[in-house]
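We count ligands from 1, going down the list as the structure has it; atoms in each ligand are counted the same way.
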Amino acid sequence: MAKEIKTIGVLTSGGDAPGMNAAIRAVVRQAIYKGLKVKGILKGYNGLLNEEIIDMTARNVSDTISKGGTILYTARCSEFRTLEGQQQGAEVCRKHGIDGLVVIGGDGSFAGAQKLAAQGINTIGVPGTIDLDIACTDYTIGFDTAVNTAMEAIDKVRDTASSHERCSIIEVMGRGAGYIALWCGIANGAEDILLPEMYDYDEQKLINNIIANRKRGKKHHIIINAEGIGHSVSMARRIEAATGVETRATILGHMQRGGSPTCRDRVYASIMGAYAVDLLTQGKSNRVVCYKNGEYTDFDIDEALKMKKSISEYQYQVSKALTV
Ligand code: ADP
Ligand code: F6P
């Protein structure tokens with residue numbers, strides 16, 4: 001029979017994402033509601049190895065649902081990629097009486113949770129990343145806030161690009177994935193969207209498009225460039241030289257990761273955090289909480305990490321059609 005869960009741990013790992021605090025709050029309060037104790041592990045797997053562990057009460061998470069970042073801090077930890085690191089992590093959990101651990105983060109953090117599960121610690125992953133690049137789930141905590149932040153910033157760049165009749169290349173985050181770029185491209189009515197999953201690196205096509213749009217009377221030309229393609233500054237220089245159209249590059253950077261989470265992020269994070277606790281109390285381990293086809297559900301981490309996610313060809317085609 002599965003050991004009864006009495007104390008659970010929670011940590012955030014990898015890049016922070018708006019809504020992580022709402023997820024932590026939900027884990028803490030759902031656990032307390034169910035009569036469990038909760039320990040917060042600071043600075044991701046680093047804090048686990050260094051035993052930076054604090055007791056969490058319902059009051060610790062008061063006034064946090066609207067705050068960006070993560071109150072538990074986050075980090076990347078190369079030591080945790082080694083077997084010794086993972087064994088030590090499991091040992092620390094046992095020493096502190098942590099029977100189950102909720103890991104809020106991205107794919108990398110789930111790989112860490114998978115390794116801890118193999119060391120006998122019940123683990124549940126909650127998808128927290130602005131990149132939306134986790135294949136098993138249609139939603140990741142932080143994406144909605146990040147795209148809205150980027151969209152508002154791009155609107156502002158567009159105002160000045162129009163006034164000066166310029167071309168503007170705006171680089172958005174997403175690591176190797178183009179979801180933020182695609183959504184902003186559609187939401188901001190960009191003339192071109194460069195996605196790592198689709199871009200053919202044919203810069204001449206881009207140049208021809210800028211010249212053709214200029215002839216059609218368009219006052220600005222907005223190019224949303226995904227971080228996975230990058231090199232926006234040098235691209236701007238080449239485009240200006242080839243088209244004669246003044247071109248500027250703006251890299252939005254980490255401002256996309258901050259700020260108060262949107263309603264959508266707060267709600268998804270709250271349900272997913274509570275769901276993670278429910279999985280642990282049902283004796284489950286090595287699972288990831290997901291939102292798939294309109295339902296909250298969960299997947300085995302091994303399966304989840306093997307899944308591949310692709311950008312919708314149809315959405316990309318629509319984005320192009322709408323810029324004629
Ligand atoms: P994300 O969770 O956002 O994808 P990272 O890929 O940086 O972010 O991973 C966060 C942390 O998860 C890493 O710093 C490391 O501690 C842990 N991690 C990543 N991959 C593995 C792995 N294969 N095995 C064990 N731990 C891992
Ligand atoms: O995964 C979230 C993310 O913001 C990516 O979009 C980006 O590539 C990366 O993290 C940046 O990481 P760092 O904060 O270490 O610069």
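Remark: minimum distance from atom 8 (O) of ligand 1 to any protein heavy atom is reached at Gly14 CA, 3.5 Å. Closest to atom 7 (O) of ligand 1 among all protein heavy atoms lies Arg76 NE, 2.7 Å. The protein non-hydrogen atom at the shortest distance from atom 3 (C) of ligand 2 is Arg257 NH1, 3.4 Å. If you check which protein heavy atom lies closest to atom 11 (C) of ligand 1, you get Ser13 OG, 3.6 Å. Ranking the protein heavy atoms by distance from atom 2 (O) of ligand 1 puts Ser109 OG, 2.5 Å first. Nearest protein heavy-atom contact of atom 25 (C) of ligand 1 is Phe80 O, 3.3 Å. For atom 20 (N) of ligand 1, the closest heavy atom belonging to the protein is Arg81 NH1, 3.2 Å. Distance from atom 16 (O) of ligand 2 to its nearest protein heavy atom, with residue and atom name: His254 NE2, 3.1 Å. Summary of contacts: the protein heavy atom closest to atom 27 (C) of ligand 1 is Gly108 O, 3.6 Å. The nearest protein atom to atom 26 (N) of ligand 1, hydrogens excluded, is given as Gly112 CA, 3.4 Å; this is a heavy-atom distance. The protein heavy atom nearest to atom 15 (O) of ligand 2 is Arg76 NH1, 2.7 Å.
In this structure, Leu206 and Leu194 have side chains that are in contact, with non-hydrogen atoms separated by less than 4.5 Å. Contact annotation: the side chain of Thr149 approaches that of Met255 to within less than 4.5 Å [non-hydrogen atoms, C-beta and beyond]. Here the side chains of Ser109 and Arg76 are not in contact, with every heavy-atom distance at 4.5 Å or above. Counting heavy atoms from C-beta outward, Ile224 and Val172 have side chains that approach closer than 4.5 Å. Side-chain contact between Glu197 and Tyr316 is absent, with no heavy-atom pair separated by less than 4.5 Å. In this structure the side chain of Ile41 never reaches within 4.5 angstrom of the side chain of Val10, judged on heavy atoms. Here the side chains of Ile170 and Ile223 are not in contact, with every heavy-atom distance at 4.5 Å or above.
The heavy atom nearest to atom 15 (C) of ligand 1, out of those in Ala75, Cys77, Gly125, is found in Cys77. Ranked by closest heavy atom to atom 5 (C) of ligand 2, the top entry among Thr129, Asp131, Asp16, Asp107 is Asp131.
Among the atoms of Ser78, none of the N or O lies under 3.5 angstrom from an N or O of ligand 1. For a threshold of 3.5 Å applied to N or O pairs, the pair formed by Gly174 and ligand 2 contains at least one separation below that value.
Contact atoms of ligand 2 toward Glu227: 5 (C), 6 (O), 7 (C), 8 (O) (distance under 4.0 Å to a heavy atom of the residue). Those atoms of ligand 1 with a heavy atom of Tyr45 less than 4.0 angstrom away are 12 (O), 16 (O), 17 (C). In the vicinity of Gly106, heavy-atom distances shorter than 4.0 Å reach the ligand 1 atoms 1 (P), 2 (O), 3 (O), 4 (O). Residue-ligand proximity, Ala111 to ligand 1, at heavy-atom distances under 4.0 Å covers atoms 20 (N), 21 (C), 22 (C), 23 (N).
Between Phe80 and Tyr45, the ring center distance clears the sub-6.0 Å criterion. Checked against the 6.0 Å centroid criterion, the rings of Tyr268 and Tyr291 qualify as a close aromatic pair.
Only the side chain of Gln86 comes within 4.0 Å of ligand 1, counting heavy atoms alone; its backbone N, CA, C and O stay farther away. With a 4.0 Å cut-off on non-hydrogen atoms, Lys115 touches ligand 1 through its side chain and not its backbone.
Contact between Thr129 and ligand 1 is absent, with no heavy atom of the residue lying under 4.0 Å from the ligand. Using a 4.0 angstrom heavy-atom cutoff, Gln256 does not count as in contact with ligand 2. Residue contact check for ligand 2: Gly106 places no non-hydrogen atom closer than 4.0 Å to it.
Taking the charged nitrogens against the carboxylate oxygens, Asp278 and Lys284 have no contact shorter than 4.0 Å, which rules out a salt bridge. A salt bridge between Lys306 and Glu303 is absent, with no side-chain N of the basic residue lying under 4.0 Å from a carboxylate O of the acidic one.
Among all heavy-atom pairs drawn from Asp16 and Arg257, the shortest one is OD1-NE, 2.6 Å.
In summary, the side chains of Glu171 and Ser232 do present a donor paired with an acceptor at a separation below 3.5 Å, with no hydrogens or angles considered.
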